[in-house]
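Below, read A as the first sequence line, B as the second, and so on, with proteins coming before strands; counting in each chain starts at 1.
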Amino acid sequence: MKSEITISELAKLMNVSVHQIRYFEEKGVLEPAYKDNNQYRMYSTEQVYQLAHILLLRKLGVPVHSIKECMTSFSADQYRQLLQRSLREIEGELLRLEQLQQFIKKVLHEQQNSSSRSRQYQIKRRDTTYFTCWIEMDSSTILDAKLLAEQAKRVPNLFESDIHYIYDGSSIVSLYTETQTPDDFSLPGGNYLSMQSLINEENELKHLIEQFYDYAAAQSYVISGPLILIEKSYLSLFSNNKLHYELQVLIETVATSEGGNDHDYGTDND
DNA sequence: GTTCTTACA
DNA sequence: TGTAAGTA
């Protein structure tokens with residue numbers, strides 16, 4: 001009974017494909033102990049350990065063609081650097097996944113929120129929020145793909161964020177994304193009248209805004225500050241590409257209705 | 001049945 | 001990297 005093993009046994013032992021082992025040989029990183037009379041590759045424990053190292057280096061992102069160089073010439077210090085580099089890469093990847101996880105949670109949460117409360121008015125408490133401007137345009141301009149590509153400031157995952165259109169009464173409308181630190185613009189904390197809506201076409205927006213202001217007037221809310229239109233394009237995923245908008249405007253706290261208030265003071269703002 | 005080589009997507 | 005064909 002031979003003490004060496006065949007390629008398929010080695011493959012099974014190390015949980016890799018036979019093809020991969022031959023590939024490593026072709027690239028000069030793993031030679032069999034010897035070839036049997038039938039040309040079968042035979043491997044001993046030495047190759048087992050060697051393959052373990054190769055697989056580890058692969059996991060660290062070392063390309064197959066440079067593994068040979070690693071194994072023959074790397075000092076302990078060079079290996080340490082290699083490990084530190086891949087540690088940093090993994091931390092970056094972890095961060096990316098955490099952000100994706102957060103986004104998924106947010107979408108699920110918002111989707112549930114919008115499907116149950118479409119066209120409902122709410123009062124939302126908002127803390128001071130900061131924004132970065134990514135495009136500024138005349139309100140009569142149509143935001144087409146060309147304009148988007150040419151003028152917009154690069155924002156990572158733009159369409160996964162809540163895009164804030166701020167109408168300050170002038171003819172300029174600015175598009176913002178939220179940031180953690182003070183930047184181009186900020187909204188004061190306070191109570192905001194909010195309405196969420198699903199619309200089919202952009203031209204329904206005007207009507208929606210009128211409705212919104214009518215409602216505010218009917219409820220005797222004292223409006224201050226600009227009109228905020230929030231576009232949540234990622235929610236269109238759920239509704240045949242209908243557009244999801246939320247209108248918000250800062251209202252001055254009404255002193256007359258203390259206590260008894262039938263509004264939803266949801267603090268479910270991000 | 002297993003492995004080998006070669007070729008291909 | 002996986003899969004397939006044709007051999008030994």
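Classification of A:K206 and A:E210 as a salt-bridged pair fails, no side-chain N sitting under 4.0 Å from a carboxylate O. A salt bridge is absent between A:R22 and A:E25; no separation between the charged side-chain nitrogens and carboxylate oxygens falls under 4.0 Å.
Proximity of A:T6 to the phosphate of B:dT3: a side-chain N or O atom is located under 4.0 Å from OP1 or OP2.
If you take CG of A:L10 and P of B:dT3, they are 11 Å apart, rounded to a whole angstrom.
Remark: side-chain polar atoms of A:D36 are not paired, donor with acceptor, to backbone N or O of A:N38 under 3.5 angstrom. Without hydrogens or angle criteria, A:T72 side chain to A:E69 main chain gives a donor-acceptor distance under 3.5 Å.
Closest approach of A:T179 and A:D183 over heavy atoms only: OG1-CB, 4.1 Å. Heavy-atom minimum distance, A:L55 versus A:M14: CD1-O, 4.1 Å. Across all non-hydrogen atoms, the minimal contact from A:S236 to A:L243 is OG-CA, 4.1 Å. Between A:C133 and A:S174, the shortest heavy-atom distance links the atoms SG-CB, 4.4 Å. Taking each heavy atom of A:E246 and A:S194 in turn, the nearest pair found is OE2-OG, 2.9 Å.
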Reading DNA chain C 5' to 3', what string of ( ), [ ], | and . shows its pairs, if Watson-Crick and G-U wobble pairs count only when both distances fall under 3.5 Å? ||||||.|

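Chain A approaches DNA chain C over the interval C:dT1 to C:dT3, counting the first and last nucleotide 5' to 3' with an atom under 4.0 Å from its heavy atoms.
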Between protein and nucleic acid, restricted to nucleotides 4-8 of chain B and to nitrogen or oxygen atoms under 3.5 Å apart, what atom pairs and distances do you find?
from	atom 1	to	atom 2	distance (Å)
B:dC4	OP1	A:R41	N	2.8
B:dC4	OP1	A:R41	NH1	3.0
B:dC4	OP2	A:R22	NE	3.0
B:dC4	OP2	A:R22	NH2	2.7
B:dC4	O5'	A:R41	NH1	3.3
B:dT5	OP2	A:R41	NH1	3.0
B:dT5	OP2	A:R41	NH2	2.6

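Note on ring orientation: taking the six-membered ring where Trp is involved, the planes of A:Y176 and A:F185 are parallel (angle under 30°, cut-offs 30° and 60°).
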